[in-house]
Amino acid sequence: MSLILYSHPFSSYCQKALVAFYEKDLPFEQRMLESEGAMAELRALWPFGQFPVLKDGDRHFAETSIIIERLDQLEPATPMIPSDPDLALEVRFMDRVFDNHIQAHQQRLIYNALRPEADRDPLADADARKKLEIAYAWLDAVMADRKWAAGEVFTLADCGAAPGLLYAHWTHAIPKDHVHLWAYRRRLLARPSYARALDEARPYRSYFPLGAPDED
């Protein structure tokens, strides 16, 4: 089996895939997207240029959740999506929550901050912050009686929640009174698979346009 992951360690979606690799202890080659050659290879596989992309022999897989589902096919002993259909549905639902209601709005704020000041959109910025606050409050209530995103087992949803909540808090702070969400975030940071991915990303913290805090 020859798996090549086109990725960058500071990318939240790449971290999401890396967590699944580390949870499964699957060997792979990481093709770092720090050269024109690597990016050209990625675009030949996926012309949209988004990453990560997984090359698996003659096949390739884009979109991180799909990549992780592929890893489940290759190494089913540590499933990121449970076999129970109802629990699997909850896992996929929570995965979409973290991608669409945490990461998407966090990235809107980052993209706005990267624009020249004259081109920034204050209304879009305010809307993204409002939606993050709604998501934080909703997640705090959900996590009141859960260890992990979908219950007692670490899954696909947690792979995305870890980098999602890390960067979201850096971008728009999670209120301190959301104690259940904060406890969940601490568990994610302590998970060995994510701690490893986070350590690999530390040399690139200067890339974060709003300034990365020291406490994480």
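Side-chain contact between Asp56 and Leu74 is present, with at least one heavy-atom pair separated by less than 4.5 Å. Using a 4.5 Å heavy-atom cutoff, the side chains of His180 and Tyr184 are not in contact. With a 4.5 Å cut-off on side-chain heavy atoms, Leu109 and Asp125 count as touching. Residues Trp182 and Ile174 are in side-chain contact: their nearest non-hydrogen atoms beyond the backbone lie under 4.5 Å apart. Contact of the Leu165 side chain with the Leu181 side chain is registered, since non-hydrogen atoms from C-beta on lie closer than 4.5 Å. In this structure, Ile4 and Leu54 have side chains that are not in contact, with every pair of non-hydrogen atoms separated by 4.5 Å or more. Side chains of Gln103 and Tyr167 form no contact here, defined as non-hydrogen atoms less than 4.5 Å apart. No side-chain heavy atom of Leu42 sits under 4.5 Å from any side-chain heavy atom of His60.
Other residues, nucleotides and ligands contribute more than 12 heavy atoms inside 6.0 Å of the OH atom of Tyr204. No more than 12 heavy-atom neighbours from other residues, nucleotides or ligands sit within 6.0 angstrom of CD on Glu117.
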Between Leu198 and Arg202, is the side-chain contact (heavy atoms from CB on, under 4.5 Å) condition met? List the steps.
CA-CA 6 Å; Leu198 188 57; Arg202 289 185 191 281; 3.9 Å; yes
Does Tyr136 form a side-chain contact (heavy atoms from CB on, under 4.5 Å) with His172? I'd like the steps, not just the answer.
CA-CA 10 Å; Tyr136 291 160; His172 184 74; 4.1 Å; yes
Apply the test side-chain hydrogen bond (donor to acceptor under 3.5 Å, both in side chains) to residues Tyr22 and Glu200: give CA-CA distance (whole Å), side-chain angles for both, the deciding distance (0.1 Å), then the verdict.
CA-CA 12 Å; Tyr22 298 154; Glu200 292 170 348; 2.8 Å; yes
When you look at Cys159 and Tyr194, which way does the side-chain contact (heavy atoms from CB on, under 4.5 Å) test go after all the steps?
CA-CA 8 Å; Cys159 293; Tyr194 188 60; over 6 Å; no
For Lys55 and Ser2, what are the C-alpha separation, side-chain angles and deciding distance, and is it a side-chain hydrogen bond (donor to acceptor under 3.5 Å, both in side chains)?
CA-CA 8 Å; Lys55 189 172 187 298; Ser2 178; over 6 Å; no
Full working for side-chain contact (heavy atoms from CB on, under 4.5 Å) between Leu5 and Leu18
CA-CA 9 Å; Leu5 186 70; Leu18 289 169; 3.9 Å; yes
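Rounded to the nearest 0.5 Å, atoms CG (Leu156) and OG1 (Thr64) are 9.5 Å apart. Taken from CZ in Arg43 to OH in Tyr6, the straight-line distance is 13.5 Å, to the nearest 0.5 Å. For the atom pair CZ of Arg92 and OG1 of Thr155, the computed distance is 10.5 Å after rounding to the nearest 0.5 Å. Note that CG of Asp95 and CG of Asn100 are 8.5 Å apart. Values are rounded to the nearest 0.5 Å. Rounded to the nearest 0.5 angstrom, Gln73 CD and Leu71 CG are separated by 9.5 Å. Taking CD of Glu69 as the reference point, atom CD of Glu63 lies at 12.0 Å (rounded to 0.5 Å).
The two residues Cys14 and Ser7 come nearest to each other via the heavy atoms SG-CB, 3.4 Å. Of all heavy-atom pairs between Trp148 and Glu152, the closest is CD1-O, 3.4 Å. Closest of all the heavy-atom pairs between Gln106 and Ala168 is CG-CA, 3.6 Å. The nearest pair of heavy atoms linking Ala212 to Trp170 is CB-CZ3, 3.6 Å. Of all heavy-atom pairs between Pro52 and Ile67, the closest is O-CD1, 3.6 Å. Nearest heavy-atom pair across Pro163 and Gln15 is CB-OE1, 3.4 Å.
Using a 4.0 Å cut-off between charged nitrogen and carboxylate oxygen, Arg185 and Asp216 count as a salt-bridge pair. With salt bridges taken as basic N to acidic carboxylate O contacts below 4.0 Å, one links Arg96 and Asp99. Salt bridge annotation for Arg196-Asp199: absent, with no cationic side-chain nitrogen under 4.0 angstrom from a carboxylate oxygen. Under the 4.0 Å criterion applied to side-chain N and carboxylate O atoms, Arg191 and Asp158 are not assigned as salt-bridge partners.
Glu29 contributes no side-chain N or O that, together with a main-chain N or O of Arg31, makes up a donor-acceptor pair within less than 3.5 Å. Using modelled atom types, one side-chain atom of Arg120 and one backbone atom of Arg115 make a donor-acceptor pair closer than 3.5 Å. At least one donor-acceptor pair closer than 3.5 Å links the side chain of Arg187 to the backbone N or O of Lys147. The main-chain N or O of Lys131 is never found under 3.5 Å from a side-chain atom of His105 such that the two would form a donor-acceptor pair.
Under a hydrophobic-cluster definition in which Ile, Leu, Val, Met, Phe, Trp and Tyr are linked whenever side-chain heavy atoms come within less than 4.5 Å, directly or via other members, Phe93 and Ile102 are assigned to the same cluster. Both Tyr207 and Leu114 belong to a common hydrophobic cluster when Ile, Leu, Val, Met, Phe, Trp and Tyr are linked at side-chain heavy-atom distances under 4.5 angstrom. Leu189 and Phe98 end up in the same hydrophobic cluster when Ile, Leu, Val, Met, Phe, Trp and Tyr side chains are linked at under 4.5 Å. Under the 4.5 Å side-chain heavy-atom criterion for Ile, Leu, Val, Met, Phe, Trp and Tyr, Phe28 and Trp46 are members of distinct hydrophobic clusters. Leu132 and Tyr13 are assigned to two separate hydrophobic clusters, defined by single-linkage of ILVMFWY side chains at heavy-atom distances under 4.5 Å.
Defined by atom type and a distance below 3.5 Å, a donor-acceptor pair is missing between the side-chain atoms of Ser193 and Lys24.
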